[in-house]
Amino acid sequence: MRQKGSTCRHCQARHLKCVRDADSEKCRRCNQSGIDCEQNSALRVRNVVSITQRNPQGRRTHRRLDYAEDQVWVPVPPRLNFAPPDQQEATTPQDSSETTYSPQPQQSQLQETLISPSVASSTLSIHDEHQSPDIFSVPGTFAPLSQFPPGTQGESAPLYQSVSSWPFESGREAQLFLHFVQRLSGWLDALDSNRHFAMDVPRRAAYVPVIMNAILASASRHVAFVSKIEDTESAKYHNKCLENLIPILDNPLDILDENLFAAIIILRQYEELDEADERCHLFGSTRMVNSITHSATCTSLREAANWVALRQEIYVSLTNRQPVSIVLDAYRDSSYFHSDTEDAWANRIVFLFAKILNYAFKPVGVAPEESWSQLEEQVEAWNMTKPQYFSPLWVEHQPGERNYRFPDIMMLGASQVNGMQHYCLAKILLATYDPRLLKLGFDTRRLRKESEEIVLQNLRMIIGLAMSNPHIESSFMHASHILSACGTYFCDKHEQDRAIEFLENMEQRAIWRTSSIVMRLQEQWRQ
């Protein structure tokens with residue numbers, strides 16, 4: 001029997017159900033794995049961003065717990081020791097020295113530490129963004145642990161370690177690390193010209209074991225896929241990640257740690273590379289995004305991770321026909337909504353597509369936050385006002401029964417390809433879930449034909465964008481996802497054959513596992 005509130009740390013880290021037999025001291029999973037089954041505390045502390053109250057008239061009011069603009073921040077030492085009253089007099093001078101803190105930080109530095117702690121209990125060393133860093137000097141809010149004040153390491157910061165060189169145990173690990181940097185990071189940085197997961201995160205891996213092991217887990221799983229061999233390495237690194245994650249689960253401040261967030265994003269990529277996607281780490285990244293308060297200022301890495309998490313959630317939503325579990329309101333203060341960069345334009349259409357997914361897959365009886373016509377207007381407004389450099393460099397259609405090809409659409413770069421693909425994805429869902437199709441009338445048949453033509457046209461565009469820009473591998477994934485959801489719209493045998501060739505080529509290039517999609521489509525087309 002499983003007792004309420006008795007989830008062990010190992011199961012909690014994997015987001016799995018913890019089942020304990022009445023005559024066993026261990027849960028079933030820990031017993032099968034032959035590991036210690038450590039119970040969690042029954043007490044839980046969570047980050048509260050809003051409350052609901054009743055006024056004297058009985059009406060409910062919703063209030064956000066935001067800090068005021070003139071909030072005064074009290075200087076806090078980097079580490080505190082708490083002792084019961086009967087032990088305070090026995091505190092030695094050596095103990096009391098740990099609670100004293102002579103340097104008074106500037107308010108801006110203190111605020112940065114509180115709202116975006118690279119380590120929850122450490123004073124951060126801030127570097128100039130434009131300084132040329134060496135291999136162990138990371139720009140932004142992360143600094144080598146050797147620069148932290150004494151006494152800030154150990155049990156209070158289990159995510160971090162102090163090293164003087166790369167912590168590889170073999171040349172194999174160094175090769176796996178480079179495989180992530182040179183290939184897999186590009187999938188995460190598809191809409192980030194600053195390339196946080198290729199440039200910033202690997203540097204942090206030297207000091208943050210959970211990032212290092214996440215990178216090695218994802219890379220080793222993909223290398224096995226590329227080499228067509230059994231994956232015997234990745235589980236070892238994934239288990240090391242869990243060893244790092246389990247001790248910090250009860251610390252509510254760790255949900256603000258951008259390094260932990262980056263590791264969970266990479267662990268989610270590790271899960272995606274397996275056909276039996278358990279989606280355990282998807283819950284972790286969703287929790288990270290949903291914990292954002294509007295009074296907090298995101299670092300550049302935190303914001304980059306937020307948008308990667310949204311794209312990872314969109315994949316699950318589209319292929320499983322369910323709303324996104326991320327609270328989209330968490331993105332309202334993103335700098336991308338006030339910027340004119342190519343990253344900002346691409347991410348804005350990604351955000352619009354997430355809103356359309358929520359509309360299309362909303363639960364029965366739940367009223368949508370925005371109407372279909374409002375969403376269509378927003379999508380068309382994005383298309384009409386997008387910069388000129390989002391237009392194709394060249395478009396060429398080559399119709400024909402024998403040598404049929406999807407359109408050639410050459411684009412400037414990754415933001416343009418991915419941005420236009422999400423515009424086409426939005427058009428497909430809007431056409432499929434047009435509420436006018438549910439009405440009876442003389443125009444319904446015509447509208448259904450128009451809807452099918454819109455779906456087919458944009459489906460061809462999505463595949464054409466991927467095939468015409470083969471160096472942008474993330475675009476192949478979007479095409480694979482929409483083929484999984486809407487590939488049955490292809491009725492022409494030549495288009496079906498080309499679509500299958502496209503999916504098989506993806507697996508040959510080790511971009512994505514597509515054999516199951518091919519089998520499902522072929523089965524549906526035979527019906």
Side-chain angles (χ1 to χ4, degrees), residues 62 286 290 310-332 337 345-386 390 418-463 465 478-492 495 499 517 520-521 524-525 527:
H62 186 73
T286 299
N290 292 346
L310 180 59
R311 298 202 305 275
Q312 291 176 334
E313 177 67 33
I314 282 174
Y315 154 58
V316 174
S317 173
L318 178 61
T319 54
N320 291 274
R321 298 175 183 257
Q322 64 187 40
V324 296
S325 57
I326 286 177
V327 177
L328 297 181
D329 192 48
Y331 291 84
R332 75 175 189 181
F337 291 107
W345 278 95
N347 279 294
R348 286 204 288 269
I349 190 62
V350 169
F351 182 81
L352 281 176
F353 181 58
K355 289 169 56 174
I356 293 170
L357 285 168
N358 282 348
Y359 172 86
F361 304 132
K362 63 184 181 297
V364 177
V366 175
E369 295 184 4
E370 294 177 277
S371 68
W372 180 90
S373 58
Q374 288 175 321
L375 293 169
E376 185 188 38
E377 289 175 5
Q378 293 173 35
V379 169
E380 288 308 316
W382 180 91
N383 186 49
M384 296 296 293
T385 58
K386 69 181 185 297
F390 267 77
N418 287 287
M420 290 308 299
Q421 279 188 320
H422 279 86
Y423 168 74
C424 294
L425 289 168
K427 295 288 290 182
I428 288 175
L429 256 69
L430 286 171
T432 305
Y433 291 90
D434 186 340
R436 296 174 297 174
L437 301 178
L438 302 176
K439 298 178 181 179
L440 294 176
F442 293 108
D443 291 337
T444 303
R445 185 175 180 181
R446 175 181 57 82
L447 288 172
R448 285 177 178 167
K449 286 186 176 181
E450 291 177 358
S451 172
E452 289 183 8
E453 187 54 39
I454 291 172
V455 171
L456 284 169
Q457 179 183 352
N458 285 279
L459 194 53
R460 296 172 186 132
M461 292 279 288
I462 291 171
I463 299 173
L465 282 163
H478 304 144
S480 168
H481 304 338
I482 195 61
L483 277 171
S484 176
C486 301
T488 52
Y489 275 82
F490 283 137
C491 297
D492 182 85
E495 285 188 316
I517 302 175
R520 288 200 306 270
L521 285 176
Q524 291 171 349
W525 285 331
Q527 294 177 358

In sequence, state the C-alpha distance, the side-chain angles, and the governing distance for I463 and F490, and then conclude on side-chain contact (heavy atoms from CB on, under 4.5 Å). CA-CA 12 Å; I463 299 173; F490 283 137; 4.0 Å; yes
Partner set under side chain to side chain donor-acceptor pair (under 3.5 Å) for R448, not counting sequence neighbours: none
Check salt bridge (charged side-chain N to carboxylate O under 4.0 Å, His left out) between R460 and all other residues, then give those that pass, not counting sequence neighbours. E453, E495
SG-CG distance between C486 and L429, expressed to the nearest 0.5 angstrom: 6.5 Å
F390 and A346: which non-hydrogen atoms are nearest, and at how many Å? CZ-N, 4.0 Å
Mind checking what makes salt bridge (charged side-chain N to carboxylate O under 4.0 Å, His left out) contact with R321, not counting sequence neighbours? none
With rounding to the nearest 0.5 angstrom, report the CG to CD distance, D434 to E376. 7.5 Å
Residues P323 and E313: closest non-hydrogen pair is O-OE2, 4.1 Å
Which residues share a side chain to side chain donor-acceptor pair (under 3.5 Å) with S373, sequence neighbours left out: S371
With distance as the sole test, does T385 use its side chain to make a donor-acceptor pair with the main-chain N or O of A381 at under 3.5 Å? yes
Tell me which donor-acceptor pairs under 3.5 Å the side chains of residues 357-364 have, and how far apart each pair is, sequence neighbours excluded?
| from | atom 1 | to | atom 2 | distance (Å) |
| --- | --- | --- | --- | --- |
| N358 | OD1 | V324 | N | 2.9 |
| K362 | NZ | Y359 | O | 3.3 |

Just jot down the side chain to side chain donor-acceptor pair (under 3.5 Å) partners of W345, sequence neighbours excluded, or say none. D340
Taking only residues two or more places apart in sequence or in another chain, which ones pass side chain to side chain donor-acceptor pair (under 3.5 Å) with E369? none
Nearest 0.5 Å, please: how far is CG in N347 from CG in L352? 11.0 Å
Quick one: list whatever passes salt bridge (charged side-chain N to carboxylate O under 4.0 Å, His left out) with K386, sequence neighbours left out. none
For F337 and R332, which heavy atoms make the closest approach, and how far apart are they? CD1-O, 4.1 Å
Rounded to the nearest 0.5 Å, how far apart are CZ of R446 and CG of D443? 4.5 Å
Let me check something: any side-chain donor-acceptor pairs from residues 420-428 under 3.5 Å, sequence neighbours excluded? List them with distances.
| from | atom 1 | to | atom 2 | distance (Å) |
| --- | --- | --- | --- | --- |
| Q421 | OE1 | H478 | ND1 | 3.0 |
| Q421 | NE2 | I462 | O | 3.0 |
| Q421 | NE2 | S475 | O | 3.0 |
| H422 | ND1 | N418 | O | 2.9 |
| Y423 | OH | E380 | OE2 | 3.2 |
| Y423 | OH | N383 | ND2 | 3.3 |
| K427 | NZ | E380 | OE2 | 2.8 |

To check you understand the geometry: which heavy-atom pair defines the closest contact between L437 and A431, and what is its length? CD1-O, 3.5 Å
Sorted by chain and number, sequence neighbours left out, side-chain contact (heavy atoms from CB on, under 4.5 Å) with E452 holds for Y489
Could you go through the side-chain contact (heavy atoms from CB on, under 4.5 Å) check for I356 and Y433 one step at a time? CA-CA 9 Å; I356 293 170; Y433 291 90; over 6 Å; no
Does E377 have any salt bridge (charged side-chain N to carboxylate O under 4.0 Å, His left out) partners at least two apart in sequence or in another chain, and if so, which? none
Could I get the full list of side-chain contact (heavy atoms from CB on, under 4.5 Å) partners for R445, not counting sequence neighbours? K449
Within the distance-only criterion (no hydrogens, no angle test), does the side chain of T444 pair as donor or acceptor with the backbone N or O of K439 below 3.5 angstrom? yes
Just how far is it from atom CG of L430 to atom CD of Q378, taken to the nearest 0.5 Å? 10.0 Å
Should W382 and F351 be marked as a side-chain contact (heavy atoms from CB on, under 4.5 Å) after you check the CA-CA gap, both sets of side-chain angles, and the distance that decides it? CA-CA 11 Å; W382 180 91; F351 182 81; over 6 Å; no
Here the gap from I314 atom CD1 to I326 atom CD1, rounded to the nearest 0.5 Å, amounts to 8.5 Å
